[in-house]
Novice: 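Sharing a structure with you now.
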Amino acid sequence: MKFESLDLNPEILKGIQDAGFEQCTPIQEQSLPECLAGKDVIAQSQTGSGKTAVFLLTIFSRLSAAKPGNSGKARALVMVPTRELATQVIDDCEKLCKHFPFRSVAVYGGVEYDKQIKAFKSGVDLVVATPGRMIDLYKSRTLSLDNMEIFVIDEADRMFDMGFAPDIMYIAGHLPKNKPRQTLLFSATIDDNVRSLASRYMKPDPAMIEIEPDQVTVNTIDQKVIYVSNEEKLPMLMTLLKRGEVERSIIFTNMKRTAEMLGWKLAANGFPAKVLTGDVSQERRHKIIEGMKSGNIKMLVATDVAARGLHIDGITHVVNYDLPEDAANYVHRIGRTARAGKSGKAYSLACEDHVLNLPEIEKYIERKIENEWIETSEMVKDTAPAYTYGRGEREKGFERKAGKPGGPEKRGKTFSRDGSKERPKERAAHPKQEKQGAKPSSQPRRHERHPFPAGGKEAGAELKAENPAQKRSRPDHHRGERPRPGSHSPNERKREWAAHAAPDSAKPQPAAESSETVTNETKEKEGILKRFFKKILKKS
């Protein structure tokens, strides 16, 4: 079916022609008539099937037919799970409404509020937002929901996977209830969570559109699996990337640290690849995606943060450097190629660490992935130096001071490779002691000193056996308490302890006193020591 057969505004049809769209895709052919009729729609289709154009054309058609809004407040809201998808929807919007006066803005985290607030002051028709930033702007009364006529939830299943369900329900619950509203929901899979969301915030009996639910992956993707050892993964990857048929490629890893290592290794071996992970700033993320779209960047190493909603035309190859643990992520990864009816290839490197994920993936896509064999003699050798984890942080400007790369600097402590604490290093002898041949001091360090006074553990046991209900008679300076008038300061207590611990010969010999005076003074000192060591025992 052609777009001309639909009842669309002539200016909108011009934008469709400029975008190069001629024939409707299956999801567009079945869902557009229902959406243009004003019905609530739940549509299920795989990534890259053209569902973005469905809700954009519906928004254009509905708002152009309705009375123009003079208040400048948004009348359509599209919720997306990621920043990349938000910018992609805005790009498609600008293409399709090139001949139609339509104002749109993307709202997402990672950028300054002022830039996005400025767009609202000049007036906006469509808002494409991620849940977190949308709620922030709504609570600050920067963005109003009072005039919303169309509410779209894109990638609904992904919203639940990322924990955005409460945010979506909060936003949907604050939409105007006394005004007519059309709600559209799009998802790659429709499960109980999606149905529950639809039944709560959509009209009764919404139109259900399912496009080839049994076909999880498109037939135009040539899928291969290569069995390799961990040591052969990088040479095998470079062998695949060196093939002349590889024009633009995305390499997926399961972890950020693996992506950083792989990006550095590829660049050091003459394969200029960029890295896209959750740690990359929004500004740099935008430059990388624009570089991929323009063709200036040919290779991209990414985690699953780029697996959904990233629409880049011309991706010829996708490589799973690590087989994903979730079978659904495999589908979303390889869906970056073979878009808009084009063909593409997807290679998966099955190593000993991730090969057990393969049976679940094949069960999910309901097909056996064909094996490809490459001789060891054909593989490109890794000539780059060894990679030290933490190098990526230093290259980003987060270089740490002395200490192991990737680990925090701690005085007197070291950390093993796996992050566990090791025993404190022994303190070196003082240079003067080494020069004079003197032995290091036998005085134990503070953390090695025994907490019990003279008399051994028995004395400590007596202190523990004291009445626990007895109140402290001295302020605890470590807890921020101030000493009361007449109480002992910490320095005074130190002097008392030094006087008690010093040998009798070093103590000043007082004049002869009566036995009653000596007894009272001894009891007072013992009381001070008991209270002092009672605090030490509590802290230890």
Side-chain angles (χ1 to χ4, degrees), residues 1-8 12 16 19 21-63 65 76-81 85 88-89 92-93 96 126 128 149-161 165 168 172 180-220 308-309 311 328 331-332 335 338-341 364-366:
M1 183 177 72
K2 292 188 176 182
F3 288 97
E4 286 79 1
S5 61
L6 298 170
D7 187 17
L8 293 172
I12 298 176
I16 294 174
F21 298 155
E22 296 180 359
Q23 296 285 341
C24 293
T25 62
I27 183 64
Q28 294 168 353
E29 183 175 353
Q30 295 190 34
S31 60
L32 265 175
E34 303 286 350
C35 293
L36 294 175
K39 296 181 180 179
D40 285 6
V41 174
I42 301 175
Q44 172 186 338
S45 68
Q46 62 270 20
T47 304
S49 59
K51 52 185 171 60
T52 303
V54 173
F55 61 76
L56 285 179
L57 294 178
T58 302
I59 293 172
F60 297 158
S61 179
R62 181 183 177 97
L63 297 187
L77 174 62
V78 178
M79 299 303 305
V80 294
L85 187 54
Q88 182 60 50
V89 171
D92 292 343
C93 179
L96 293 173
L126 168 65
V128 183
E149 301 177 24
I150 298 183
F151 181 50
V152 181
I153 304 175
D154 195 14
E155 301 278 3
D157 54 341
R158 182 63 168 170
M159 293 282 195
F160 283 99
D161 293 341
I168 294 297
R181 183 185 73 248
Q182 184 179 11
T183 303
L184 308 178
L185 190 149
F186 296 87
S187 179
T189 58
I190 298 179
D191 53 13
D192 293 338
N193 291 327
V194 175
R195 291 189 180 92
S196 175
L197 182 66
S199 63
R200 200 168 173 184
Y201 300 106
M202 300 180 77
K203 298 174 185 176
D205 300 325
M208 181 74 69
I209 309 296
E210 295 185 22
I211 302 299
E212 300 176 356
D214 295 332
Q215 182 185 352
V216 181
T217 58
V218 294
N219 294 326
T220 53
R308 291 198 185 217
H311 182 88
V331 176
H332 299 304
R339 300 179 70 90
Y364 184 79
I365 64 176
E366 297 182 351

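Position 1 is the first residue of the sequence, and the numbers go up from there.
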Novice: Search all heavy atoms of I59 against all heavy atoms of I150 and return the closest pair with its distance.
Specialist: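 Shortest heavy-atom contact: CA-CD1, 3.7 Å.
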Novice: Looking at residues at least two apart in the chain, or sitting in another chain, which of them share a salt bridge (charged side-chain N to carboxylate O under 4.0 Å, His left out) with D205?
Specialist: none
Novice: Quick one: CG on L8 to CG on L32, what's the gap to the nearest 0.5 Å?
Specialist: 7.0 Å
Novice: Would M208 and I190 count as a side-chain contact (heavy atoms from CB on, under 4.5 Å) here? Give the steps.
Specialist: CA-CA 10 Å; M208 181 74 69; I190 298 179; 3.7 Å; yes
Novice: Taking side-chain contact (heavy atoms from CB on, under 4.5 Å) as the criterion, tell me which of I153, L184, L185 meets it with I42.
Specialist: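 The residue from I153, L184, L185 that satisfies side-chain contact (heavy atoms from CB on, under 4.5 Å) with I42 turns out to be L185.
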Novice: Rounded at 0.5 Å granularity, tell me how far CD in Q30 sits from SG in C24.
Specialist: 11.0 Å
Novice: Sequence neighbours excluded, which residues qualify as side-chain hydrogen bond (donor to acceptor under 3.5 Å, both in side chains) partners of N193?
Specialist: none
Novice: So, using side chain to side chain contact (heavy atoms under 4.5 Å, CB included) as the criterion, who are the partners of E34 when residues are at least two apart?
Specialist: K39, V41, A207, I209
Novice: So, taking the atom named CG in L57 and the one named SG in C93, what distance separates them when rounded to the nearest 0.5 Å?
Specialist: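 Those atoms lie 10.0 Å apart.
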Novice: Applying side chain to side chain contact (heavy atoms under 4.5 Å, CB included), can you list everything that pairs with K203, at least two apart in sequence or on another chain?
Specialist: D40
Novice: Indicate the atoms forming the closest heavy-atom contact of R62 with P180, along with that distance.
Specialist: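 Looking at all heavy atoms of both residues, the shortest contact is NH2-O, 4.1 Å.
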Novice: Specify the closest pair of heavy atoms between D92 and T52, including all atoms of both residues, with the distance to one decimal.
Specialist: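 Heavy-atom minimum between the residues: OD2-CG2, 3.7 Å.
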Novice: So, using side-chain hydrogen bond (donor to acceptor under 3.5 Å, both in side chains) as the criterion, who are the partners of S187 when residues are at least two apart?
Specialist: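 Testing S187 for side-chain hydrogen bond (donor to acceptor under 3.5 Å, both in side chains), a comparison that skips the adjacent residues, returns D157.
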Novice: Could you tell me if the side chain of L96 sits less than 4.5 Å from the side chain of I16, heavy atoms only?
Specialist: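 Yes; the side chains approach each other to less than 4.5 Å.
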Novice: How far apart are the closest heavy atoms of A188 and Q44, and which atoms are they?
Specialist: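 Residues A188 and Q44, closest heavy atoms: O-CG, 3.5 Å.
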Novice: Which residues pass the side chain to side chain contact (heavy atoms under 4.5 Å, CB included) test with T25, not counting sequence neighbours?
Specialist: I27, Q28
Novice: With ring-ring contact (aromatic ring centres under 6.0 Å, His included) as the rule and sequence neighbours excluded, what pairs involving residues 182-211 come up?
Specialist: F55-F186
Novice: Would you give the length of the straight line joining atom CG of L126 to atom CZ of F60, rounded to the nearest 0.5 angstrom?
Specialist: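 One finds 7.0 Å between CG of L126 and CZ of F60.
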Novice: Return each pair, listed once, that meets salt bridge (Lys or Arg N to Asp or Glu O under 4.0 Å) where at least one residue sits in residues 181-192; pairs must be two or more places apart or across chains.
Specialist: D192-R195
Novice: Can you tell me how far apart OG (S5) and CD (E29) are? Round to the nearest 0.5 Å.
Specialist: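 Result: 8.0 Å between the selected atoms.
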Novice: Please find the pair of heavy atoms, one from T58 and one from L36, that lie closest to each other, and give the distance.
Specialist: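 Closest pair (atom of T58, atom of L36, distance): CA-CD2, 4.1 Å.
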